[in-house]
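Here is the structure we will look at.
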Amino acid sequence: QVQLVESGGGLVQPGGSLRLSCVASGRIRGINTMGWYRQAPGAQRELVAAITSGGRTNYADSVKARFTISRDNAKNTVYLQMNSLKPGDSAVYYCNADILTKASWSSRDYWGQGTQVAVSS
């Protein structure tokens with residue numbers, strides 16, 4: 001099976017920074033797009049940022065110029081560097097990856113368990 005494990009969440013003051021990490025493990029043949037989503041209480045889950053295996057990135061308008069997504073393909077890891085954090089960024093952040101396993105001929109989405117980010121003074 002495949003697991004995605006996030007880390008790096010926590011409580012930070014407005015204007016501060018956090019770096020999230022997500023490691024994919026298991027019987028992985030290849031990973032296509034990796035991304036970060038977030039869900040605040042009472043809101044729908046929304047895309048924050050995504051990165052293809054070739055390094056092309058996509059960001060939500062609300063985080064452009066503040067967040068940076070990157071990945072290390074050799075480590076099956078995706079990162080989200082979050083700067084200039086605002087209270088509106090508070091949410092549970094979920095890692096997502098489109099993964100081809102050794103047991104399948106087609107890829108599918110996998111999700112992490114989520115990590116809490118709270119921005120408050």
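Rounded to the nearest 0.5 angstrom, Lys75 NZ and Ser25 OG are separated by 15.0 Å. Interatomic distance, CD1 of Ile69 versus CE of Met82, reported as 11.5 Å (0.5 Å rounding). Atom-to-atom distance recorded for Gln81:CD and Arg19:CZ is 6.5 Å, nearest 0.5 angstrom. Separating the CD atom in Gln13 from the CG atom in Leu11 is a distance of 8.0 Å, to the nearest 0.5 Å. To the nearest 0.5 Å, atoms CG (Asn96) and OG1 (Thr33) are separated by 9.0 Å.
Contact check for Gln113 versus Glu6: side-chain heavy atoms found under the 4.5 Å cut-off. Contact check for Leu80 versus Leu18: no side-chain heavy atoms found under the 4.5 Å cut-off. Here the side chains of Leu47 and Asn58 are in contact, with some heavy-atom distance below 4.5 Å. Counting only heavy atoms from C-beta outward, the side chains of Arg38 and Val63 approach each other to under 4.5 Å. Between Ser120 and Pro87 the shortest side-chain heavy-atom distance does not fall below 4.5 Å.
Between the side chain of Ser104 and the main chain of Thr101, no donor-acceptor pair closer than 3.5 Å is present. In this structure a side-chain-to-backbone donor-acceptor pair under 3.5 Å is present from Ser90 to Val119. At least one donor-acceptor pair closer than 3.5 Å links the side chain of Arg66 to the backbone N or O of Ser84. When atom types are taken as modelled, the side chain of Arg71 and the backbone of Ile51 share a donor-acceptor pair closer than 3.5 angstrom.
Under a hydrophobic clustering in which Ile, Leu, Val, Met, Phe, Trp and Tyr are joined whenever their side-chain heavy atoms come within less than 4.5 Å, directly or via other members, Val48 and Val23 fall into different clusters. Two different hydrophobic clusters hold Val92 and Val78 under the rule that ILVMFWY side chains link at heavy-atom gaps under 4.5 Å.
At a cut-off of 3.5 Å, with distance as the only test, a side-chain donor of Asp98 or Ser107 sits close to an acceptor on the other residue. Donor-acceptor pairing under 3.5 Å is recorded for the side chains of Asn83 and Ser17.
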- Run the salt bridge (charged side-chain N to carboxylate O under 4.0 Å, His left out) check on Lys64 and Asp61 step by step: do they pass? CA-CA 5 Å; Lys64 282 180 181 176; Asp61 288 342; 3.1 Å; yes
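Residue pairs meeting the ring-ring contact (aromatic ring centres under 6.0 Å, His included) criterion with at least one member in residues 46-85: none, sequence neighbours excluded. Pairs engaging residues 92-121 under the ring-ring contact (aromatic ring centres under 6.0 Å, His included) rule: Tyr37-Trp111 [sequence neighbours left out].
Within 6.0 Å of CD in Gln3 there are 12 or fewer heavy atoms belonging to other residues, nucleotides or ligands.
Listed by chain and number, the residues in a side chain to side chain contact (heavy atoms under 4.5 Å, CB included) with Ile28 are Val2, Ala24, Ile31, Asn76, Ile99 (sequence neighbours excluded).
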